[in-house]
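Predicted model only: the values in this text are computed from it and were never measured. We use all heavy atoms of the structure for the numbers below, so side chains are in, but hydrogens, waters and symmetry mates are not.
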Amino acid sequence: MADAVLTPEPRPARFALPARFSPLLVAAGLVALVVLLPLIALAAIAAEGSGDMWPHLIATVLPYALMETGLLLLGVGLVTLVVAVPCAWLVATCAFPGRRLFEWALLLPLAVPGYIVAFSYLDVLHPLGPVQEALRAVLGIANPRDLRLPDVRSTGGCILVLSAVLYPYVYLSARASFVLQSAAALEVARTLGASRWRAFLKVGLPLARPAIVAGLTLVLLETLGDIGASEFLGVRTLTVSIYTTWVNRSNLPGAAQIALVMLTLVLVLILVERAARRAKRFVATGSARPQAPTRLTGLAGLGAALFCAVPVMLGFVVPFVHLSVSAVRRMAETGFPERIFGEAAATALIALAATTLALSLGLVVTLAQRLTRAPLASGFARVASLGYAVPGTVLAVGLLSPLAGFDNALDHALRQTFGISTGLLISGSGAALVLALAIRFLAIPIGGIEAGYAKLSLHLDMAARSLGSSRPRTVRRIHLPLLRPALATAALLVFVDAMKELPATLLLRPLGLETLATHVYGEAARGTYEDGALAALVILIVGLGPVILLARMSASALRSSAGRARSTSPASPEGTSPSGAD
(Lines give C-alpha, C1' and ligand atoms only; values in the text may rest on other atoms or scores of the structure.)
Protein backbone atom coordinates (compact mmCIF):
# COMPACT_ATOMS: atom_id res chain seq x y z
CA MET A 1 0.00 0.00 0.00
CA ALA A 2 1.35 3.34 -0.96
CA ASP A 3 2.23 5.63 1.85
CA ALA A 4 -0.52 8.11 2.61
CA VAL A 5 0.27 11.59 1.52
CA LEU A 6 -0.64 14.20 4.10
CA THR A 7 -1.77 17.43 2.54
CA PRO A 8 -2.41 20.58 4.51
CA GLU A 9 -6.04 21.55 5.05
CA PRO A 10 -6.99 24.22 2.56
CA ARG A 11 -7.49 27.61 4.10
CA PRO A 12 -10.79 29.37 3.58
CA ALA A 13 -10.73 31.86 0.76
CA ARG A 14 -9.95 35.31 2.02
CA PHE A 15 -13.08 37.39 1.96
CA ALA A 16 -11.41 40.73 1.28
CA LEU A 17 -9.01 42.15 -1.21
CA PRO A 18 -5.71 43.35 0.20
CA ALA A 19 -6.32 46.54 2.15
CA ARG A 20 -4.34 48.74 -0.24
CA PHE A 21 -6.59 47.74 -3.13
CA SER A 22 -9.91 47.87 -1.29
CA PRO A 23 -12.34 50.52 -2.55
CA LEU A 24 -14.17 50.18 0.76
CA LEU A 25 -11.08 51.24 2.67
CA VAL A 26 -10.73 54.28 0.42
CA ALA A 27 -14.40 55.13 0.96
CA ALA A 28 -13.99 54.80 4.74
CA GLY A 29 -10.99 57.10 4.55
CA LEU A 30 -13.08 59.67 2.67
CA VAL A 31 -15.76 59.49 5.36
CA ALA A 32 -13.13 60.11 8.04
CA LEU A 33 -11.81 63.04 5.98
CA VAL A 34 -15.29 64.54 5.76
CA VAL A 35 -15.53 64.44 9.56
CA LEU A 36 -12.07 65.99 9.96
CA LEU A 37 -12.62 68.66 7.31
CA PRO A 38 -14.68 71.03 9.51
CA LEU A 39 -12.01 70.89 12.21
CA ILE A 40 -9.26 71.67 9.69
CA ALA A 41 -11.36 74.47 8.20
CA LEU A 42 -12.00 75.85 11.69
CA ALA A 43 -8.30 76.46 12.18
CA ALA A 44 -8.05 78.08 8.73
CA ILE A 45 -11.00 80.41 9.43
CA ALA A 46 -9.53 81.38 12.80
CA ALA A 47 -6.21 82.18 11.11
CA GLU A 48 -7.98 84.62 8.80
CA GLY A 49 -8.80 86.88 11.72
CA SER A 50 -6.68 89.93 12.39
CA GLY A 51 -3.80 89.66 14.79
CA ASP A 52 -5.52 92.10 17.13
CA MET A 53 -8.52 89.82 17.57
CA TRP A 54 -6.87 87.32 19.91
CA PRO A 55 -5.82 89.99 22.46
CA HIS A 56 -9.36 91.40 22.32
CA LEU A 57 -10.92 87.98 22.90
CA ILE A 58 -8.48 87.18 25.68
CA ALA A 59 -9.14 90.50 27.39
CA THR A 60 -12.92 90.75 27.05
CA VAL A 61 -14.72 87.58 25.92
CA LEU A 62 -12.77 84.49 26.92
CA PRO A 63 -12.20 85.14 30.67
CA TYR A 64 -15.91 85.48 31.47
CA ALA A 65 -16.97 82.75 29.02
CA LEU A 66 -14.36 80.33 30.36
CA MET A 67 -15.33 81.10 33.96
CA GLU A 68 -19.04 80.58 33.25
CA THR A 69 -18.32 77.41 31.27
CA GLY A 70 -16.04 76.06 33.99
CA LEU A 71 -18.60 76.76 36.74
CA LEU A 72 -21.32 75.14 34.66
CA LEU A 73 -19.23 72.03 33.96
CA LEU A 74 -18.19 71.72 37.60
CA GLY A 75 -21.71 72.21 38.91
CA VAL A 76 -23.40 69.86 36.45
CA GLY A 77 -20.72 67.23 37.02
CA LEU A 78 -21.10 67.31 40.81
CA VAL A 79 -24.90 67.39 40.84
CA THR A 80 -25.06 64.59 38.28
CA LEU A 81 -22.78 62.38 40.36
CA VAL A 82 -24.69 63.09 43.57
CA VAL A 83 -28.00 62.20 41.90
CA ALA A 84 -27.12 59.43 39.43
CA VAL A 85 -24.68 57.24 41.37
CA PRO A 86 -26.88 56.68 44.47
CA CYS A 87 -29.91 56.07 42.23
CA ALA A 88 -27.94 53.51 40.23
CA TRP A 89 -26.72 51.80 43.40
CA LEU A 90 -30.22 51.65 44.91
CA VAL A 91 -31.84 50.27 41.76
CA ALA A 92 -29.02 47.76 41.12
CA THR A 93 -28.47 46.39 44.62
CA CYS A 94 -31.59 47.08 46.69
CA ALA A 95 -35.23 46.02 46.70
CA PHE A 96 -37.66 48.79 47.70
CA PRO A 97 -41.17 49.92 46.72
CA GLY A 98 -41.28 51.00 43.06
CA ARG A 99 -37.80 49.71 42.20
CA ARG A 100 -38.91 48.07 38.91
CA LEU A 101 -40.66 51.30 37.92
CA PHE A 102 -37.65 53.50 38.67
CA GLU A 103 -35.34 51.10 36.82
CA TRP A 104 -36.64 52.54 33.52
CA ALA A 105 -38.34 55.75 34.67
CA LEU A 106 -34.98 57.23 35.68
CA LEU A 107 -34.10 57.22 31.95
CA LEU A 108 -37.13 59.31 30.90
CA PRO A 109 -35.37 62.71 31.14
CA LEU A 110 -33.23 61.62 28.18
CA ALA A 111 -36.32 62.28 26.03
CA VAL A 112 -36.36 65.96 26.99
CA PRO A 113 -33.75 68.32 25.47
CA GLY A 114 -32.16 70.71 27.95
CA TYR A 115 -33.54 73.78 26.19
CA ILE A 116 -37.10 72.47 26.58
CA VAL A 117 -36.64 71.89 30.33
CA ALA A 118 -35.24 75.43 30.64
CA PHE A 119 -38.15 76.70 28.53
CA SER A 120 -40.59 74.98 30.89
CA TYR A 121 -39.03 76.11 34.17
CA LEU A 122 -38.79 79.72 33.00
CA ASP A 123 -42.59 79.68 32.96
CA VAL A 124 -43.15 77.34 35.93
CA LEU A 125 -40.90 79.36 38.28
CA HIS A 126 -41.81 82.80 36.90
CA PRO A 127 -42.99 85.29 39.60
CA LEU A 128 -46.45 85.02 38.05
CA GLY A 129 -46.10 81.31 37.34
CA PRO A 130 -47.94 78.43 39.04
CA VAL A 131 -45.32 77.65 41.72
CA GLN A 132 -44.98 81.14 43.15
CA GLU A 133 -48.70 81.83 42.81
CA ALA A 134 -49.48 78.66 44.79
CA LEU A 135 -46.96 79.59 47.49
CA ARG A 136 -48.43 83.08 47.82
CA ALA A 137 -51.93 81.63 48.04
CA VAL A 138 -50.88 79.25 50.83
CA LEU A 139 -49.04 81.99 52.74
CA GLY A 140 -51.76 84.62 52.18
CA ILE A 141 -49.49 86.99 50.27
CA ALA A 142 -51.19 89.15 47.62
CA ASN A 143 -48.29 91.18 46.21
CA PRO A 144 -45.85 89.16 44.03
CA ARG A 145 -43.02 91.41 45.17
CA ASP A 146 -43.42 90.24 48.77
CA LEU A 147 -42.39 86.67 47.90
CA ARG A 148 -39.70 86.05 45.30
CA LEU A 149 -37.94 82.73 44.87
CA PRO A 150 -34.33 82.70 43.62
CA ASP A 151 -34.25 83.56 39.94
CA VAL A 152 -33.88 80.53 37.68
CA ARG A 153 -32.04 82.79 35.22
CA SER A 154 -28.66 82.16 36.78
CA THR A 155 -25.71 79.81 36.65
CA GLY A 156 -27.18 77.82 39.54
CA GLY A 157 -30.50 77.49 37.73
CA CYS A 158 -28.75 76.32 34.57
CA ILE A 159 -26.77 73.75 36.57
CA LEU A 160 -29.97 72.29 38.04
CA VAL A 161 -31.80 72.28 34.68
CA LEU A 162 -29.01 70.55 32.77
CA SER A 163 -28.36 68.09 35.60
CA ALA A 164 -32.05 67.14 35.58
CA VAL A 165 -31.86 65.96 31.96
CA LEU A 166 -28.27 64.70 31.71
CA TYR A 167 -27.90 62.54 34.83
CA PRO A 168 -29.25 59.42 32.98
CA TYR A 169 -25.92 59.12 31.12
CA VAL A 170 -24.15 58.44 34.42
CA TYR A 171 -27.06 56.45 35.83
CA LEU A 172 -27.13 54.09 32.85
CA SER A 173 -23.41 53.25 32.89
CA ALA A 174 -23.17 53.11 36.70
CA ARG A 175 -26.20 50.82 37.03
CA ALA A 176 -24.75 48.40 34.50
CA SER A 177 -21.48 48.32 36.41
CA PHE A 178 -23.16 47.78 39.79
CA VAL A 179 -25.41 45.00 38.46
CA LEU A 180 -22.48 43.09 36.98
CA GLN A 181 -20.18 43.46 39.98
CA SER A 182 -19.34 40.27 41.82
CA ALA A 183 -20.80 39.80 45.28
CA ALA A 184 -17.48 38.38 46.53
CA ALA A 185 -15.67 41.70 46.93
CA LEU A 186 -18.47 43.27 48.97
CA GLU A 187 -18.92 40.11 51.06
CA VAL A 188 -15.23 40.07 51.91
CA ALA A 189 -15.44 43.70 52.98
CA ARG A 190 -18.47 42.95 55.17
CA THR A 191 -16.73 39.97 56.80
CA LEU A 192 -13.84 42.28 57.66
CA GLY A 193 -16.19 44.50 59.63
CA ALA A 194 -17.08 47.17 57.08
CA SER A 195 -20.61 48.55 57.14
CA ARG A 196 -22.68 48.41 53.97
CA TRP A 197 -22.10 52.13 53.39
CA ARG A 198 -18.34 51.77 53.87
CA ALA A 199 -18.27 48.71 51.58
CA PHE A 200 -19.99 50.77 48.90
CA LEU A 201 -17.52 53.67 49.24
CA LYS A 202 -14.38 51.52 49.45
CA VAL A 203 -15.25 48.65 47.09
CA GLY A 204 -18.38 49.11 44.99
CA LEU A 205 -17.74 52.71 43.97
CA PRO A 206 -14.08 52.23 42.94
CA LEU A 207 -15.02 49.18 40.88
CA ALA A 208 -17.62 51.25 39.02
CA ARG A 209 -15.34 54.26 38.55
CA PRO A 210 -14.44 53.61 34.87
CA ALA A 211 -18.11 53.35 33.91
CA ILE A 212 -19.00 56.44 35.94
CA VAL A 213 -16.20 58.44 34.32
CA ALA A 214 -17.36 57.40 30.85
CA GLY A 215 -20.93 58.53 31.59
CA LEU A 216 -19.74 61.74 33.23
CA THR A 217 -17.67 62.60 30.14
CA LEU A 218 -20.80 62.37 27.99
CA VAL A 219 -22.60 64.66 30.46
CA LEU A 220 -19.83 67.24 30.30
CA LEU A 221 -19.66 67.11 26.50
CA GLU A 222 -23.42 67.64 26.27
CA THR A 223 -23.17 70.50 28.77
CA LEU A 224 -20.37 72.09 26.81
CA GLY A 225 -22.37 71.94 23.57
CA ASP A 226 -25.62 73.29 25.04
CA ILE A 227 -26.81 76.62 23.70
CA GLY A 228 -30.56 76.77 24.35
CA ALA A 229 -30.68 76.28 28.13
CA SER A 230 -27.57 78.43 28.68
CA GLU A 231 -28.87 81.35 26.63
CA PHE A 232 -32.41 81.13 28.02
CA LEU A 233 -31.04 81.24 31.56
CA GLY A 234 -28.53 84.03 30.94
CA VAL A 235 -25.31 82.01 31.19
CA ARG A 236 -22.75 83.23 28.63
CA THR A 237 -20.78 80.06 27.98
CA LEU A 238 -18.29 79.48 25.17
CA THR A 239 -21.08 78.05 23.00
CA VAL A 240 -23.28 81.12 23.49
CA SER A 241 -20.27 83.36 22.78
CA ILE A 242 -19.67 81.55 19.48
CA TYR A 243 -23.29 82.05 18.46
CA THR A 244 -23.47 85.73 19.39
CA THR A 245 -20.09 86.50 17.82
CA TRP A 246 -21.11 84.91 14.52
CA VAL A 247 -24.79 85.86 14.26
CA ASN A 248 -25.09 89.12 16.19
CA ARG A 249 -21.68 90.60 15.36
CA SER A 250 -21.17 88.98 11.93
CA ASN A 251 -17.63 88.06 12.95
CA LEU A 252 -16.97 84.55 11.64
CA PRO A 253 -13.18 84.53 12.30
CA GLY A 254 -13.80 85.62 15.88
CA ALA A 255 -16.38 82.87 16.32
CA ALA A 256 -13.90 80.37 14.88
CA GLN A 257 -11.23 81.46 17.34
CA ILE A 258 -13.60 80.97 20.27
CA ALA A 259 -14.59 77.62 18.77
CA LEU A 260 -10.92 76.57 18.74
CA VAL A 261 -10.70 77.28 22.46
CA MET A 262 -13.85 75.23 22.98
CA LEU A 263 -12.50 72.39 20.84
CA THR A 264 -9.35 72.36 22.95
CA LEU A 265 -11.52 71.98 26.04
CA VAL A 266 -13.35 69.06 24.38
CA LEU A 267 -10.04 67.32 23.63
CA VAL A 268 -8.91 67.84 27.22
CA LEU A 269 -12.12 66.20 28.50
CA ILE A 270 -11.66 63.21 26.18
CA LEU A 271 -8.00 62.77 27.16
CA VAL A 272 -8.83 63.01 30.87
CA GLU A 273 -11.59 60.42 30.46
CA ARG A 274 -9.30 57.99 28.66
CA ALA A 275 -6.54 58.48 31.20
CA ALA A 276 -8.95 57.88 34.06
CA ARG A 277 -10.28 54.68 32.52
CA ARG A 278 -6.80 53.44 31.65
CA ALA A 279 -5.65 53.97 35.23
CA LYS A 280 -8.54 51.98 36.68
CA ARG A 281 -9.22 48.62 35.10
CA PHE A 282 -11.01 45.76 36.80
CA VAL A 283 -11.74 42.34 35.36
CA ALA A 284 -14.37 39.94 36.64
CA THR A 285 -14.21 36.26 35.92
CA GLY A 286 -17.00 34.62 33.98
CA SER A 287 -18.28 32.80 37.09
CA ALA A 288 -18.69 35.99 39.15
CA ARG A 289 -21.88 35.80 41.21
CA PRO A 290 -24.05 38.95 41.14
CA GLN A 291 -25.13 40.56 44.38
CA ALA A 292 -28.40 39.56 45.98
CA PRO A 293 -30.63 42.65 46.41
CA THR A 294 -30.85 44.04 49.91
CA ARG A 295 -34.47 44.54 50.94
CA LEU A 296 -35.27 48.02 52.24
CA THR A 297 -38.47 48.33 54.27
CA GLY A 298 -40.15 51.02 56.30
CA LEU A 299 -38.55 54.45 56.28
CA ALA A 300 -35.46 53.16 54.44
CA GLY A 301 -37.57 51.86 51.55
CA LEU A 302 -39.67 55.02 51.45
CA GLY A 303 -36.53 57.18 51.47
CA ALA A 304 -35.02 55.21 48.59
CA ALA A 305 -38.23 55.56 46.56
CA LEU A 306 -38.42 59.31 47.21
CA PHE A 307 -34.76 59.80 46.33
CA CYS A 308 -35.29 58.09 42.96
CA ALA A 309 -38.58 59.90 42.35
CA VAL A 310 -37.19 63.45 42.67
CA PRO A 311 -34.97 63.45 39.53
CA VAL A 312 -37.76 61.83 37.48
CA MET A 313 -40.21 64.50 38.65
CA LEU A 314 -37.85 67.40 37.95
CA GLY A 315 -36.42 66.10 34.69
CA PHE A 316 -39.54 64.68 33.05
CA VAL A 317 -42.87 64.85 34.89
CA VAL A 318 -42.91 68.60 35.64
CA PRO A 319 -41.92 69.68 32.08
CA PHE A 320 -44.29 67.15 30.49
CA VAL A 321 -47.30 68.16 32.62
CA HIS A 322 -46.60 71.88 32.23
CA LEU A 323 -46.20 71.66 28.46
CA SER A 324 -49.36 69.58 28.15
CA VAL A 325 -51.43 72.04 30.19
CA SER A 326 -49.98 75.04 28.36
CA ALA A 327 -50.55 73.48 24.95
CA VAL A 328 -54.18 72.58 25.74
CA ARG A 329 -54.83 76.06 27.15
CA ARG A 330 -53.34 77.78 24.11
CA MET A 331 -55.27 75.59 21.67
CA ALA A 332 -58.49 76.31 23.59
CA GLU A 333 -57.87 80.04 23.19
CA THR A 334 -56.55 80.29 19.63
CA GLY A 335 -57.15 76.88 18.06
CA PHE A 336 -54.55 74.50 16.70
CA PRO A 337 -51.68 76.49 15.12
CA GLU A 338 -51.41 75.45 11.48
CA ARG A 339 -47.73 76.41 11.34
CA ILE A 340 -46.95 73.35 13.50
CA PHE A 341 -47.74 71.07 10.56
CA GLY A 342 -45.18 72.79 8.32
CA GLU A 343 -42.55 72.91 11.04
CA ALA A 344 -43.10 69.27 11.95
CA ALA A 345 -42.84 68.28 8.27
CA ALA A 346 -39.62 70.28 7.84
CA THR A 347 -38.18 68.80 11.04
CA ALA A 348 -39.07 65.25 10.01
CA LEU A 349 -37.70 65.72 6.47
CA ILE A 350 -34.35 67.09 7.70
CA ALA A 351 -34.07 64.41 10.40
CA LEU A 352 -34.95 61.66 7.89
CA ALA A 353 -32.36 62.90 5.39
CA ALA A 354 -29.69 63.15 8.12
CA THR A 355 -30.58 59.66 9.37
CA THR A 356 -30.30 58.18 5.87
CA LEU A 357 -26.94 59.84 5.27
CA ALA A 358 -25.57 58.88 8.68
CA LEU A 359 -26.62 55.24 8.27
CA SER A 360 -25.09 55.09 4.77
CA LEU A 361 -21.78 56.55 5.93
CA GLY A 362 -21.76 54.37 9.05
CA LEU A 363 -22.39 51.28 6.95
CA VAL A 364 -19.48 52.15 4.66
CA VAL A 365 -17.11 52.55 7.61
CA THR A 366 -18.18 49.36 9.37
CA LEU A 367 -18.16 47.33 6.14
CA ALA A 368 -14.57 48.43 5.57
CA GLN A 369 -13.70 47.09 9.03
CA ARG A 370 -15.53 43.82 8.45
CA LEU A 371 -14.42 43.04 4.93
CA THR A 372 -10.83 44.31 4.88
CA ARG A 373 -9.86 43.44 8.48
CA ALA A 374 -7.27 46.20 8.15
CA PRO A 375 -6.07 48.14 11.22
CA LEU A 376 -6.38 51.30 9.16
CA ALA A 377 -10.14 50.69 8.83
CA SER A 378 -10.50 50.69 12.61
CA GLY A 379 -8.60 53.97 12.74
CA PHE A 380 -10.95 55.48 10.17
CA ALA A 381 -13.92 54.33 12.26
CA ARG A 382 -12.56 56.04 15.37
CA VAL A 383 -11.93 59.28 13.45
CA ALA A 384 -15.40 59.14 11.88
CA SER A 385 -16.90 58.85 15.38
CA LEU A 386 -15.30 62.09 16.57
CA GLY A 387 -18.26 64.16 15.42
CA TYR A 388 -20.28 63.21 18.49
CA ALA A 389 -17.70 64.90 20.70
CA VAL A 390 -17.76 68.13 18.66
CA PRO A 391 -20.46 70.60 19.76
CA GLY A 392 -22.96 71.64 17.11
CA THR A 393 -21.80 75.25 17.12
CA VAL A 394 -18.18 74.26 16.47
CA LEU A 395 -19.24 71.90 13.70
CA ALA A 396 -21.39 74.58 12.07
CA VAL A 397 -18.58 77.15 12.07
CA GLY A 398 -16.12 74.63 10.63
CA LEU A 399 -18.47 73.45 7.87
CA LEU A 400 -19.32 76.87 6.53
CA SER A 401 -16.01 77.56 4.77
CA PRO A 402 -15.47 74.22 2.93
CA LEU A 403 -19.11 74.11 1.79
CA ALA A 404 -18.94 77.68 0.51
CA GLY A 405 -15.67 76.85 -1.25
CA PHE A 406 -17.26 73.83 -2.91
CA ASP A 407 -20.28 75.89 -4.00
CA ASN A 408 -18.07 78.61 -5.46
CA ALA A 409 -15.87 76.10 -7.32
CA LEU A 410 -18.90 74.29 -8.76
CA ASP A 411 -20.54 77.56 -9.77
CA HIS A 412 -17.35 78.75 -11.48
CA ALA A 413 -16.91 75.46 -13.35
CA LEU A 414 -20.50 75.39 -14.61
CA ARG A 415 -20.32 79.06 -15.62
CA GLN A 416 -17.18 78.42 -17.64
CA THR A 417 -18.51 75.23 -19.24
CA PHE A 418 -22.26 75.69 -19.69
CA GLY A 419 -22.92 79.29 -18.70
CA ILE A 420 -25.08 78.10 -15.78
CA SER A 421 -24.90 79.59 -12.28
CA THR A 422 -25.76 77.30 -9.36
CA GLY A 423 -25.26 79.85 -6.60
CA LEU A 424 -24.96 78.50 -3.05
CA LEU A 425 -26.14 75.00 -3.87
CA ILE A 426 -25.21 73.35 -0.56
CA SER A 427 -24.34 76.02 2.00
CA GLY A 428 -27.44 78.02 1.10
CA SER A 429 -29.82 75.09 1.44
CA GLY A 430 -30.84 72.45 3.92
CA ALA A 431 -28.09 70.16 2.59
CA ALA A 432 -25.54 71.88 4.83
CA LEU A 433 -27.69 71.22 7.88
CA VAL A 434 -28.25 67.59 6.86
CA LEU A 435 -24.51 67.05 6.45
CA ALA A 436 -23.76 68.66 9.82
CA LEU A 437 -26.32 66.48 11.58
CA ALA A 438 -25.03 63.33 9.87
CA ILE A 439 -21.45 64.12 10.96
CA ARG A 440 -22.61 65.04 14.45
CA PHE A 441 -24.39 61.73 15.04
CA LEU A 442 -22.33 59.40 12.86
CA ALA A 443 -20.93 57.70 15.95
CA ILE A 444 -24.37 56.22 16.72
CA PRO A 445 -24.71 54.06 13.57
CA ILE A 446 -21.01 53.17 13.63
CA GLY A 447 -21.26 51.92 17.21
CA GLY A 448 -24.58 50.17 16.62
CA ILE A 449 -23.48 48.37 13.45
CA GLU A 450 -20.16 47.39 15.03
CA ALA A 451 -22.09 45.83 17.91
CA GLY A 452 -24.30 44.01 15.42
CA TYR A 453 -21.31 42.71 13.47
CA ALA A 454 -19.72 41.50 16.71
CA LYS A 455 -22.52 38.92 16.90
CA LEU A 456 -21.97 37.66 13.31
CA SER A 457 -19.27 35.03 12.97
CA LEU A 458 -16.70 35.43 10.21
CA HIS A 459 -17.46 31.85 9.24
CA LEU A 460 -20.67 33.14 7.64
CA ASP A 461 -18.58 35.24 5.26
CA MET A 462 -16.20 32.38 4.55
CA ALA A 463 -19.06 29.95 3.87
CA ALA A 464 -20.71 32.42 1.49
CA ARG A 465 -17.42 32.98 -0.32
CA SER A 466 -16.77 29.26 -0.65
CA LEU A 467 -20.21 28.88 -2.26
CA GLY A 468 -19.31 31.45 -4.88
CA SER A 469 -21.14 34.46 -3.45
CA SER A 470 -19.62 37.83 -4.25
CA ARG A 471 -19.02 40.42 -1.54
CA PRO A 472 -21.93 42.68 -2.57
CA ARG A 473 -24.29 39.69 -2.70
CA THR A 474 -23.10 38.45 0.70
CA VAL A 475 -23.64 41.87 2.24
CA ARG A 476 -27.06 42.17 0.62
CA ARG A 477 -28.34 38.64 1.33
CA ILE A 478 -26.65 37.84 4.68
CA HIS A 479 -25.26 40.90 6.46
CA LEU A 480 -28.07 43.40 6.01
CA PRO A 481 -30.92 41.07 7.06
CA LEU A 482 -29.02 40.02 10.19
CA LEU A 483 -28.08 43.65 10.95
CA ARG A 484 -31.67 44.87 10.63
CA PRO A 485 -32.26 45.28 14.40
CA ALA A 486 -29.01 47.23 14.86
CA LEU A 487 -29.78 49.40 11.83
CA ALA A 488 -33.32 50.09 13.02
CA THR A 489 -32.18 51.05 16.52
CA ALA A 490 -29.45 53.33 15.18
CA ALA A 491 -31.89 54.95 12.73
CA LEU A 492 -34.37 55.68 15.52
CA LEU A 493 -31.73 57.21 17.78
CA VAL A 494 -30.23 59.36 15.01
CA PHE A 495 -33.66 60.54 13.87
CA VAL A 496 -34.69 61.74 17.33
CA ASP A 497 -31.30 63.32 18.09
CA ALA A 498 -31.37 65.14 14.74
CA MET A 499 -34.89 66.34 15.42
CA LYS A 500 -33.87 67.77 18.83
CA GLU A 501 -30.55 69.33 17.74
CA LEU A 502 -30.63 73.09 18.24
CA PRO A 503 -27.14 74.70 17.86
CA ALA A 504 -26.35 73.40 14.37
CA THR A 505 -29.94 74.00 13.23
CA LEU A 506 -29.85 77.62 14.39
CA LEU A 507 -26.61 78.36 12.56
CA LEU A 508 -27.01 76.38 9.32
CA ARG A 509 -30.72 76.41 8.50
CA PRO A 510 -31.71 78.20 5.28
CA LEU A 511 -33.42 81.56 5.55
CA GLY A 512 -37.11 81.18 6.27
CA LEU A 513 -36.87 77.56 7.43
CA GLU A 514 -38.44 76.96 10.83
CA THR A 515 -38.22 73.66 12.69
CA LEU A 516 -39.82 72.60 15.94
CA ALA A 517 -36.57 73.27 17.83
CA THR A 518 -36.08 76.77 16.38
CA HIS A 519 -39.79 77.50 17.04
CA VAL A 520 -39.29 76.73 20.73
CA TYR A 521 -36.10 78.80 20.76
CA GLY A 522 -37.81 81.78 19.15
CA GLU A 523 -40.79 81.76 21.52
CA ALA A 524 -38.49 81.48 24.55
CA ALA A 525 -36.39 84.39 23.27
CA ARG A 526 -39.57 86.50 22.98
CA GLY A 527 -40.90 85.34 26.36
CA THR A 528 -44.09 83.91 24.84
CA TYR A 529 -43.79 80.51 26.47
CA GLU A 530 -47.30 79.20 25.90
CA ASP A 531 -46.99 79.78 22.15
CA GLY A 532 -44.05 77.37 22.00
CA ALA A 533 -45.52 74.75 24.33
CA LEU A 534 -47.08 72.61 21.59
CA ALA A 535 -43.86 72.42 19.54
CA ALA A 536 -41.91 71.51 22.68
CA LEU A 537 -44.48 68.87 23.57
CA VAL A 538 -44.21 67.26 20.12
CA ILE A 539 -40.42 67.03 20.47
CA LEU A 540 -40.78 65.49 23.92
CA ILE A 541 -43.35 62.89 22.85
CA VAL A 542 -41.32 61.81 19.80
CA GLY A 543 -38.23 61.53 22.00
CA LEU A 544 -39.97 59.05 24.29
CA GLY A 545 -39.77 56.25 21.71
CA PRO A 546 -36.01 55.65 21.67
CA VAL A 547 -35.75 56.22 25.42
CA ILE A 548 -38.28 53.48 26.13
CA LEU A 549 -36.48 51.25 23.63
CA LEU A 550 -33.15 51.99 25.31
CA ALA A 551 -34.61 51.23 28.74
CA ARG A 552 -35.99 47.87 27.58
CA MET A 553 -32.77 46.90 25.80
CA SER A 554 -30.64 47.88 28.79
CA ALA A 555 -32.80 46.00 31.30
CA SER A 556 -32.93 42.91 29.07
CA ALA A 557 -29.17 42.90 28.49
CA LEU A 558 -28.40 43.27 32.21
CA ARG A 559 -30.84 40.53 33.21
CA SER A 560 -29.42 38.11 30.65
CA SER A 561 -25.85 38.90 31.77
CA ALA A 562 -26.76 38.37 35.41
CA GLY A 563 -28.59 35.17 34.51
CA ARG A 564 -25.57 33.80 32.65
CA ALA A 565 -23.37 34.67 35.61
CA ARG A 566 -25.68 32.78 37.99
CA SER A 567 -25.94 29.76 35.71
CA THR A 568 -22.17 29.49 35.27
CA SER A 569 -21.41 29.95 38.97
CA PRO A 570 -21.17 26.50 40.63
CA ALA A 571 -23.21 26.11 43.79
CA SER A 572 -21.38 25.46 47.02
CA PRO A 573 -22.51 22.82 49.53
CA GLU A 574 -24.08 25.52 51.67
CA GLY A 575 -26.23 26.71 48.78
CA THR A 576 -24.23 29.81 47.98
CA SER A 577 -22.13 30.41 44.90
CA PRO A 578 -18.43 31.11 45.08
CA SER A 579 -17.53 34.12 42.99
CA GLY A 580 -14.47 35.02 41.01
CA ALA A 581 -12.17 37.81 42.00
CA ASP A 582 -12.78 41.30 40.62
(request) Consider only side-chain N and O atoms of R236 and T244, and report whether a donor and an acceptor are under 3.5 Å apart. (result)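 Yes.
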(message) Would you say Q369 and Y453 are linked by a side-chain donor-acceptor pair, where the criterion is simply a distance under 3.5 Å?
(response)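 No - no donor-acceptor pair under 3.5 Å links their side chains.
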Backbone N or O of [Y] within a donor-acceptor pair of the [X] side chain at under 3.5 Å?
{"X": "T347", "Y": "L516", "result": "yes"}
{"X": "E68", "Y": "T237", "result": "no"}
{"X": "S173", "Y": "Y169", "result": "yes"}
{"X": "T366", "Y": "L363", "result": "yes"}
{"X": "T80", "Y": "G77", "result": "no"}
{"X": "N251", "Y": "W246", "result": "no"}
{"X": "S230", "Y": "I227", "result": "no"}

(request) Might you work through the side chain to side chain contact (heavy atoms under 4.5 Å, CB included) test for L66 and V261, ending with a clear yes or no? (result) CA-CA 9 Å; L66 283 171; V261 175; 4.2 Å; yes
(request) For E103 and R175, run salt bridge (Lys or Arg N to Asp or Glu O under 4.0 Å): C-alpha distance rounded to whole Å, both residues' side-chain angles, the deciding distance at 0.1 Å, then the answer. (result) CA-CA 9 Å; E103 186 178 35; R175 177 170 66 96; 3.6 Å; yes
(message) I'd like to know whether the aromatic ring centres of F119 and Y521 sit less than 6.0 Å apart in this structure.
(response)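 Not under 6.0 Å, so no.
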(request) For S385, enumerate each residue passing the side chain to side chain contact (heavy atoms under 4.5 Å, CB included) test, keeping only those at least two apart in sequence or located in another chain. (result)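 S385: side chain to side chain contact (heavy atoms under 4.5 Å, CB included) contacts with R382, A443, I446.
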(message) For P109, give me all partners under side chain to side chain contact (heavy atoms under 4.5 Å, CB included), at least two apart in sequence or on another chain.
(response)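 By the side chain to side chain contact (heavy atoms under 4.5 Å, CB included) rule, P109 matches Y167, P168, F316.
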(message) With heavy-atom distances below 4.5 Å as the criterion, would you say the side chains of I439 and L442 are in contact?
(response)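 They are not in side-chain contact.
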(message) Please determine whether a side-chain nitrogen of the Lys or Arg among R509 and E514 lies less than 4.0 Å from a carboxylate oxygen of the Asp or Glu.
(response)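 Yes, this pair counts.
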(request) Only pairs at least two apart or in different chains count here, so list each ring-ring contact (aromatic ring centres under 6.0 Å, His included) that has a residue in residues 348-405. (result)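 The answer is none; no pair qualifies.
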(message) Between Y115 and E231, is the side-chain hydrogen bond (donor to acceptor under 3.5 Å, both in side chains) condition met? List the steps.
(response) CA-CA 9 Å; Y115 60 86; E231 187 173 8; over 6 Å; no
(request) Could you grab the distance from atom CD1 of I159 to atom CG of L78, nearest 0.5 Å is fine? (result)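 If I round to the nearest 0.5 Å, the distance is 8.5 Å.
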